[in-house]
There are 2 protein chains.
Amino acid sequence: MNEPYLEIDPFKGIFGLDNLAERISEILKCPVTIEDANHRLLAYSTHDERTDPARIATIIGRRVPEKVINSLWREGSIPYLLNSDEPLRIKSITEVGLGDRVAISIRKKQETLGFIWALEIDHSLEDKDLHYLKMAGQAVKNHLLNLHTRKTEKEESYQEFFWQLLTGHLENVEEIKKKFKTLNLLPPEASSVLVFKFPGKIDSKTEKNISYILKTTQRIKVLFYTLQNNNLIVLASPKSTESTGDYDKFIKSFIIQMNERFGVGGIKGGCGTIHENCQRVEKSYQEALTLLELKDKFPQETEAIYSYQALGIYLFIPVLLEKRKNDGFENQYLKCLFEYDFRHKTQLYKTLEVYLENDSRINETANLLHIHANTLSYRLKRISEIGEINLDDYNQKMALLIDIKINKFNKSLL
Amino acid sequence: MNEPYLEIDPFKGIFGLDNLAERISEILKCPVTIEDANHRLLAYSTHDERTDPARIATIIGRRVPEKVINSLWREGSIPYLLNSDEPLRIKSITEVGLGDRVAISIRKKQETLGFIWALEIDHSLEDKDLHYLKMAGQAVKNHLLNLHTRKTEKEESYQEFFWQLLTGHLENVEEIKKKFKTLNLLPPEASSVLVFKFPGKIDSKTEKNISYILKTTQRIKVLFYTLQNNNLIVLASPKSTESTGDYDKFIKSFIIQMNERFGVGGIKGGCGTIHENCQRVEKSYQEALTLLELKDKFPQETEAIYSYQALGIYLFIPVLLEKRKNDGFENQYLKCLFEYDFRHKTQLYKTLEVYLENDSRINETANLLHIHANTLSYRLKRISEIGEINLDDYNQKMALLIDIKINKFNKSLL
DNA sequence: AAGGTCTTTGTGGATTTATACAAATATTAA
DNA sequence: TTAATATTTGTATAAATCCACAAAGACCTT
């Protein structure tokens with residue numbers, strides 16, 4: 001008996017993805033889950049109540065929990081599945097509640113459309129079962145291709161609406177709400193625009209990966225996204241409370257994941273202010289763009305800043321430079337230090353900058369400058385003397401750092 | 001013998017103030033000094049080499065040392081002399097090197113023109129001597145009146161030149177230098193414009209007092225001064241080095257002296273940037289005016305600020321308010337705190353302001369707010385939590401304080 | 001009225017900073 | 001060149017800050 005189980009396709013002629021899932025489950029004698037490419041739940045078998053925590057969480061949340069996805073990435077399963085049509089046996093990962101299972105990806109050419117998961121609750125699947133699983137994959141593929149084409153039609157009108165929001169074309173609140181309704185979306189209570197600037201052209205493969213991350217993340221709720229030149233623009237609302245921290249974390253993790261998972265480095269990202277009113281999408285978008293511009297001007301200073309609101313003084317620097325130029329103003333205190341540095345080959349100016357940047361913390365500053373803490377103290381004393389600077393005066397300290405940054409910005413423009 | 005020494009006026013027909021001083025010295029048999037109303041040395045006797053340190057310093061410096069003047073004010077001699085035609089016997093003040101002496105003021109109506117000082121080195125003056133001193137005063141008065149009228153003529157052209165400088169009418173450096181020469185003045189190597197804003201109209205008595213302080217100070221070198229409405233405008237160069245500290249100290253002491261000596265309170269003063277080029281007098285003047293405007297807006301914050309250069313961030317507030325308005329920006333962190341304060345009747349916003357203003361010093365801030373240091377620590381923790389604020393981030397702290405001041409400025413405009 | 005949270009004040013110990021002083025080296029001026 | 005001054009590093013001590021914990025009062029909800 002070489003291939004006794006090949007006779008006919010047991011998955012033919014089944015209507016509906018749910019029914020297909022049930023059928024696969026019957027054949028393989030184990031719980032089955034079908035996901036799209038972004039790990040959203042499409043269908044799952046119900047006959048069998050044996051299951052594991054990861055599957056329960058997936059069904060409850062209509063998507064695979066992010067920590068499960070992360071561990072499957074780390075452990076190599078997902079990268080394998082994305083590049084192979086063969087079923088993959090995955091060992092249990094108890095930390096995230098994942099039992100033994102077999103998975104197969106559903107692919108069209110190089111593009112992944114989705115996955116089938118079969119849980120090995122009380123028995124391992126045999127070669128025969130894996131063969132059936134591949135056949136099931138073919139059947140599911142046909143269903144997904146249908147879904148896919150229907151989706152892209154819808155996609156068009158989404159994109160159009162999003163650009164209307166971004167460019168502020170829709171002035172009427174009622175109009176916006178109606179449009180949301182038409183697209184079968186709930187107007188978000190609060191949202192913000194995120195912009196990611198890629199180092200080069202975004203190819204179609206990267207596009208897939210972006211889509212993948214945006215659809216799988218659970219830190220924020222992505223409403224729309226679009227690509228323009230090297231930029232990825234996203235409209236998203238916060239997951240739980242109106243916390244700005246969620247955005248920060250997402251942007252950070254997006255950049256890390258694009259780098260670690262897909263080898264795309266050098267991405268810069270940020271978001272505008274969170275707003276309750278969708279009319280303000282345009283402003284939030286502009287703010288995100290401003291943030292990215294300033295990140296170019298002050299790469300080190302703004303490295304850990306991901307939101308417009310957190311830009312602090314760096315937002316002021318361009319307008320203040322203009323004021324300084326109009327006024328013909330030169331900071332005498334800094335001038336003294338600069339000239340002293342020049343004549344004596346010292347680094348008082350730089351020392352002051354790092355000291356102020358680091359909130360006047362002696363130890364931290366000394367470490368950054370690779371000098372002894374007492375050396376720093378001595379230099380600070382000299383800075384006070386030479387520049388007639390009072391380093392206990394907060395106003396003066398602020399003005400000094402701002403002028404230092406203005407000078408830096410001015411130089412960067414030359 | 002009732003009045004045996006009255007026969008004729010021994011000071012009649014003497015030409016020149018120096019000769020007059022010698023003559024007085026001969027009659028009284030003691031060293032004599034003649035000063036103008038501003039304690040500038042006009043003449044002194046030379047026959048007698050017996051003297052005291054104060055007199056030596058006066059002759060060397062061509063004026064009475066400031067500390068001597070100060071102690072004579074404190075001790076009451078000068079106030080007396082300004083209001084009396086009678087000679088005054090002054091006890092020695094060893095701290096400032098002043099020996100026993102007799103002084104008389106030379107007055108025309110209520111206006112003091114100068115003083116005669118007679119040192120009692122080895123013998124006290126008798127009533128007869130005091131009588132001669134009064135007669136000497138009459139003789140000196142005639143000399144001084146001559147000087148006085150000649151001065152006011154010159155004064156006119158000084159004033160004109162000063163206003164030309166203040167309004168930037170003189171664009172050519174050579175022209176300015178020539179003008180200085182014409183007026184018999186050395187162009188200053190560096191100078192700055194000081195402006196004092198008086199609470200009300202400056203009457204002629206106050207005018208005299210102003211003139212007195214400006215002419216007697218030795219902290220700065222006054223080149224010109226003029227009055228306009230309630231403002232006193234001064235062009236002065238630093239005494240020794242190019243130190244901005246001299247100006248600060250002078251402005252402070254001017255305000256104190258006007259108050260303590262002449263009972264004129266509520267004066268605000270400040271100076272513009274020190275410049276080497278006299279073409280920049282206009283800018284320095286404008287800067288001083290800007291400083292005074294900001295002192296009105298931020299009375300507490302700028303209380304100890306006397307120079308434009310030391311204004312720090314307060315100089316930025318107006319332009320930043322405009323930016324914030326244009327951008328339609330609202331600081332979310334502060335908004336959180338403000339709303340929390342409103343709902344819970346707490347003072348987190350105010351606490352943050354005082355804490356930041358005082359350079360994040362726990363004890364100082366706690367004292368100012370009249371709360372326990374631990375209460376402050378607790379509030380700061382709550383500020384971090386509620387506003388999602390990181391109080392170890394200098395950039396964020398600066399931005400917070402600036403936005404607090406922007407808000408305050410905005411409110412002050414309503 | 002009871003229970004919970006928020007706020008204030010207190011205590012004590014670990015950590016950080018301020019400051020003075022000493023010694024070695026580098027730099028500058030005479 | 002020497003002598004004076006500036007700079008760096010080290011040690012030691014007092015002062016200030018940070019942090020965890022606890023007790024008590026204020027305020028709110030049930």
Side-chain angles (χ1 to χ4, degrees), chain A residues 240-241 243 333-394 396-398 400-401, chain B residues 240-241 243 333-394 396-398 400-401:
Chain A
S240 47
T241 57
S243 164
Y333 307 102
L334 290 178
K335 196 181 163 198
C336 285
L337 290 187
F338 199 81
E339 283 171 359
Y340 187 91
D341 273 352
F342 183 76
R343 277 202 306 276
H344 297 82
K345 306 204 177 357
T346 47
Q347 298 100 45
L348 298 185
Y349 187 95
K350 182 70 191 169
T351 302
L352 181 62
E353 178 178 5
V354 178
Y355 175 70
L356 292 179
E357 267 179 343
N358 288 280
D359 200 20
S360 307
R361 285 185 289 267
I362 297 271
N363 283 331
E364 208 168 313
T365 310
N367 288 337
L368 283 170
L369 292 170
H370 308 295
I371 57 173
H372 193 274
N374 281 8
T375 305
L376 177 57
S377 290
Y378 172 76
R379 284 192 190 169
L380 292 174
K381 208 185 70 185
R382 295 291 288 150
I383 286 169
S384 301
E385 291 166 0
I386 293 161
E388 299 189 70
I389 289 167
N390 176 10
L391 288 175
D392 290 332
D393 182 337
Y394 193 67
Q396 204 173 16
K397 291 206 292 186
M398 282 194 286
L400 286 170
L401 187 55
Chain B
S240 46
T241 57
S243 165
Y333 306 103
L334 290 178
K335 195 181 162 197
C336 286
L337 290 187
F338 199 82
E339 284 171 359
Y340 188 90
D341 273 352
F342 183 76
R343 276 202 306 275
H344 298 82
K345 313 216 172 345
T346 47
Q347 299 100 45
L348 298 185
Y349 187 95
K350 183 69 191 170
T351 303
L352 181 63
E353 179 178 5
V354 179
Y355 175 71
L356 293 178
E357 268 179 341
N358 287 281
D359 200 20
S360 306
R361 284 184 290 266
I362 297 272
N363 283 328
E364 210 168 313
T365 311
N367 288 337
L368 282 169
L369 292 171
H370 308 295
I371 57 173
H372 193 274
N374 282 6
T375 305
L376 178 56
S377 290
Y378 172 74
R379 285 191 190 169
L380 293 174
K381 209 185 72 186
R382 295 291 287 149
I383 288 169
S384 301
E385 291 165 1
I386 291 162
E388 299 189 67
I389 290 166
N390 176 10
L391 287 174
D392 290 333
D393 182 337
Y394 193 68
Q396 205 173 14
K397 292 206 291 186
M398 283 193 287
L400 287 171
L401 187 56

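As a basis for the values below, the full set of heavy atoms in this structure was taken, side chains included, without hydrogen atoms, waters or symmetry mates. Letters go in sequence order (proteins before strands), and every chain restarts at 1.
Using a distance-only test at 3.5 Å, with no hydrogens or angles considered, a donor-acceptor pair links the side chain of B:Arg361 to the main chain of A:Asp392.
Side-chain proximity of A:Tyr378 to C:dT8, C:dT9, D:dT7: nearest is D:dT7. Among D:dT9, C:dT9, C:dC6, the nucleotide with an atom closest to any side-chain atom of A:Thr375 is D:dT9. With D:dC18, D:dT7, C:dT8 as the candidates, the nucleotide lying closest to the side chain of B:Ile362 is D:dC18.
Rounded to whole angstrom, the span from the CZ atom of B:Arg382 across to the C1' atom of C:dT8 amounts to 13 Å. Atom pair A:Asp341:CG and C:dT27:C1' shows a separation of 15 Å (rounding to whole Å applied). In this structure, CG of A:Asp392 is placed 13 Å from C1' of C:dT19, rounded to the nearest angstrom. Atom CD in B:Glu385 sits roughly 14 Å away from atom P in C:dT5 (whole-Å rounding). One interatomic measurement links the two molecules: CD of A:Gln347 to P of C:dT27, which rounds to 11 Å at whole-angstrom precision. Rounding to whole angstrom units, CG of residue A:Asn367 and P of D:dT9 are separated by 12 Å. Taking atom CG on B:Leu380 and atom P on C:dT7, their separation rounds to 13 Å, with Å as the unit. Between B:Asn363 atom CG and D:dA15 atom P the separation is 13 Å, expressed in whole Å.
When heavy atoms are screened at a 4.0 angstrom cut-off, B:Thr346 is found touching the sugar-phosphate backbone but no base atom.
Here the side chains of A:Glu388 and A:Cys336 are not in contact, with every heavy-atom distance at 4.5 Å or above.
With a 6.0 Å radius and a threshold of 12 heavy atoms from other residues, nucleotides or ligands, B:Tyr340 has its OH atom above the threshold.
The line from CG of A:Asn358 to CG of A:Asn367 is 10.0 Å long, rounded to the nearest 0.5 Å.
Below the 3.5 angstrom threshold, one finds a donor paired with an acceptor across the side chain of A:Asn374 and the base of D:dT11.
Between B:Arg379 and C:dC6 there is no side-chain N or O to OP1 or OP2 distance below 4.0 Å. Of the side-chain N and O atoms in A:Arg343, none sit less than 4.0 angstrom from OP1 or OP2 of C:dT27. For A:His372, a side-chain nitrogen or oxygen approaches OP1 or OP2 of D:dG10 to under 4.0 Å.
The only option from B:Leu401, B:Thr365, B:Ile383 that meets the side-chain contact (heavy atoms from CB on, under 4.5 Å) definition with B:Leu352 turns out to be B:Ile383.
If B:Tyr355 and A:Leu348 are placed on DNA chain D by their nearest nucleotide, the residue sitting closer to the 5' end is A:Leu348.
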